[in-house]
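Quick caveat: nothing in here was measured; it's all calculated off a predicted structure.
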Amino acid sequence: MERMIGRVAKLLLLLLLLLVAGCVVQAADEEETSGGRRTRSRRRRAADVMVPITVLNSAVDKGAVCMDGTPPAYHLDPGSGGGNRSWVVNLEGGGWCNNARTCRFRTGSRHGSSDHMERRIAFTGIMSSAAADNPDFHSWNRVKIRYCDSGSFAGDAFDEGLKLQFRGQRIWGAVIQHLLDVGMASAEHVLLTGCSAGGLAAILHCDQLRALLPAAATVKCLSDGGLFLDAVDVAGGRSLRSYYGDVVGMQAVAPNLPKTCTDHLDATSCFFPQSIMDGIKTPIFLLNAAYDVWQIEQSLAPSAADPSGAWRACKFNRSACNASQIQFLQGFRDQMVAAVRVFSESRSNGLFINSCFAHCQSELTATWNGGSPALQNKGIAKSVGDWYFGRAEVKAIDCPYPCDKTCHHII
């Protein structure tokens, strides 16, 4: 009898445990799916920022294709509430290609084919939907146009020998027209942004976008890490000018560059922001590190200009730079400051040039608004927001390295 009672007790205990477990699972499921509840799980919040891809198949008929002929693509996180008629349009960056080898290589990556693009990507920094991370733009329609042409959305050519398409300008036109058709044509506020090669593209296309939108709309552009300088390298040459010359020629970029520049300068010069930004009518905000690590590594001290390897340690670790190298880098900063002098005289333009060893600072939470680098006691997100909405004039240029203690150095 006692044995039977023991068995019944164990069975009742097991049933009780299963019931509790079921309640816990049900509570967890409710927590995951109840979108409006304050108790929503962190795991669900993390999933919310993963934005699915849209492949624009209709663009193929317009010849707007990636380097391998696949359709272009974008990711859109729709706005809400008061942000329904406001848009952040982000142009993805990712360098360029300038010859057969490098261009062929990119067709096997997301930078040359939509077949290799992630099906979902995280929206962070200026693209975030979280008010705490992105107070001014979180409720806007936020769209990232993927980069698969390798020419800052500016080329329009087909290389018969390589069987490669360079249709960046057509991709730009097709995706922007699609966005206009799905709601952007009635926008009240638009901010065109981009990082690195996308930052250069934002400058190149700034006035083009302004011309397509309602006259009453507030249209401005943010170039992050896109102020590439026509600088002298450590060997006395101009590595980036040579590289850009190849890109411009190979991809037939010249016809799509601002006529206010090409009417008096060569096309390669007009691919450099310093040659075109003073002639752009639409307001622009330049966000750039004065010691831009991409330019240090690829323009100032590329391997071809440093065969002895004297700069190898310095360009990947600022603490390894000797006094002479730091002086050279200070000269690069001085050139950047001089390049924006006329640009900064326009009251409609904005500047945030910090003395950090960095590259691209608007698309990461940590550098956008999570303990962001600051100038004049104001972080990057606040600076851009104040400029866009006219709350304050923002013309911030940092003192020379190493004075800034708020930097997020990446080398």
Side-chain angles (χ1 to χ4, degrees), residues 56 59 62-68 72-74 89-99 102-103 106-107 111-112 114 144-159 162 164-179 192-212 221-230 240-263 265-282 284 286 294 299:
L56 192 60
K62 302 174 183 177
V65 293
C66 298
M67 294 170 65
D68 68 340
Y74 68 91
V89 179
N90 179 277
L91 300 176
E92 185 181 29
W96 309 269
C97 69
N98 70 325
N99 56 42
T102 57
C103 290
R106 286 170 76 90
T107 60
H111 292 312
S114 57
K144 178 182 284 289
I145 302 176
R146 300 304 297 269
Y147 182 46
C148 63
D149 65 278
S150 298
S152 285
F153 296 91
D156 192 6
F158 175 65
D159 191 306
L162 298 175
L164 294 179
Q165 302 274 359
F166 299 107
R167 303 297 189 183
Q169 185 68 30
R170 295 192 191 195
I171 291 173
W172 158 262
V175 178
I176 291 297
Q177 185 58 57
H178 173 75
L179 295 175
L192 177 65
T193 79
C195 153
S196 194
L200 169 57
I203 296 172
L204 291 172
H205 294 289
C206 191
D207 279 346
Q208 294 176 27
L209 183 61
R210 167 68 276 183
L212 296 171
C221 305
L222 165 64
S223 172
D224 176 13
L227 185 53
F228 297 98
L229 299 180
D230 186 5
L240 190 55
R241 166 168 279 274
S242 176
Y243 183 85
Y244 272 3
D246 293 340
V247 174
V248 168
M250 188 176 193
Q251 302 201 28
V253 170
N256 301 314
L257 297 172
K259 300 300 184 289
T260 53
C261 181
T262 56
D263 63 4
L265 290 176
D266 64 276
T268 300
S269 294
C270 295
F271 202 57
F272 283 97
Q274 67 196 79
S275 299
I276 61 177
M277 60 192 186
D278 295 344
I280 294 173
K281 298 177 181 178
T282 308
I284 296 178
L286 295 178
W294 189 94
S299 174

Going by heavy atoms in the side chains, are Leu209 and Ile176 under 4.5 Å from each other? yes
Considering only NZ, NE, NH1 and NH2 on the basic side and carboxylate oxygens on the acidic side, decide whether Asp266 and Arg241 come within less than 4.0 Å. yes
Trp172 versus Asp149: any side-chain heavy-atom pair under 4.5 Å? no
Note: Cys270 and Ser275 closest approach over all heavy atoms is CA-CB, 4.3 Å
Between Pro273 and Gly226, the two heavy atoms sitting closest are CG-O, 3.1 Å
Pairwise side-chain contact, Cys261 with Phe272, heavy-atom cut-off 4.5 Å (strictly under): no
Suppose we screen for side-chain hydrogen bond (donor to acceptor under 3.5 Å, both in side chains). Which residues come up paired with Asp224, at least two apart in sequence or across chains? Ser362
State plainly whether the residues Lys144 and Glu92 are in salt-bridge range, i.e. N to O under 4.0 Å. no
Separation of Ser152 OG from Leu204 CG (nearest 0.5 Å): 6.5 Å
Nearest heavy-atom neighbours spanning Leu91 and Ala202: CD1-N, 3.9 Å
Sequence-distant partners of Phe228, ring-ring contact (aromatic ring centres under 6.0 Å, His included), two or more places apart: Trp96, Trp294
To check you understand the geometry: which heavy-atom pair defines the closest contact between Cys97 and Thr102, and what is its length? CB-OG1, 3.5 Å
Looking only at atom types and distance, does a side-chain atom of Asp156 sit under 3.5 Å from a main-chain N or O of Gln169, one as donor and one as acceptor? no
In the structure I gave you, are the side-chain heavy atoms of Ser223 and Met277 within less than 4.5 Å of one another anywhere? no
Full working for side chain to side chain contact (heavy atoms under 4.5 Å, CB included) between Asn98 and Met250: CA-CA 7 Å; Asn98 70 325; Met250 188 176 193; 5.6 Å; no
Between CD of Gln251 and CE of Met67, what distance do you get to the nearest 0.5 Å? 6.5 Å
The test is side chain to side chain contact (heavy atoms under 4.5 Å, CB included); show your working for Ser114 and Arg146 and say whether it passes. CA-CA 8 Å; Ser114 57; Arg146 300 304 297 269; over 6 Å; no
Does Thr282 offer a backbone N or O that forms a donor-acceptor pair with the side chain of Asp207 under 3.5 Å? yes
Would you say the side chain of Leu265 lies within less than 4.5 Å of the side chain of Ile276, judging by non-hydrogen atoms? no
Any donor-acceptor pair under 3.5 Å from Tyr147 side chain to Phe153 backbone: no
Taking side chain as C-beta onward, heavy atoms only, is Gln165 less than 4.5 Å from Asp68? no
Heavy-atom closest pair (His111 atom, Gly93 atom, distance to 0.1 Å) is CE1-O, 3.5 Å
Smallest separation among heavy atoms of Asp159 and Leu162, with atom names: OD1-N, 2.9 Å
Working to the nearest 0.5 Å, report the span between CZ of Arg210 and NZ of Lys281. 12.0 Å
With side chains defined as the heavy atoms from C-beta onward, is the minimum distance between Val89 and His205 less than 4.5 Å? no
Hey, are the side chains of Cys221 and Ile203 touching, using non-hydrogen atoms and a 4.5 Å cut-off? no
Sequence neighbours excluded, which residues qualify as ring-ring contact (aromatic ring centres under 6.0 Å, His included) partners of Tyr243? none
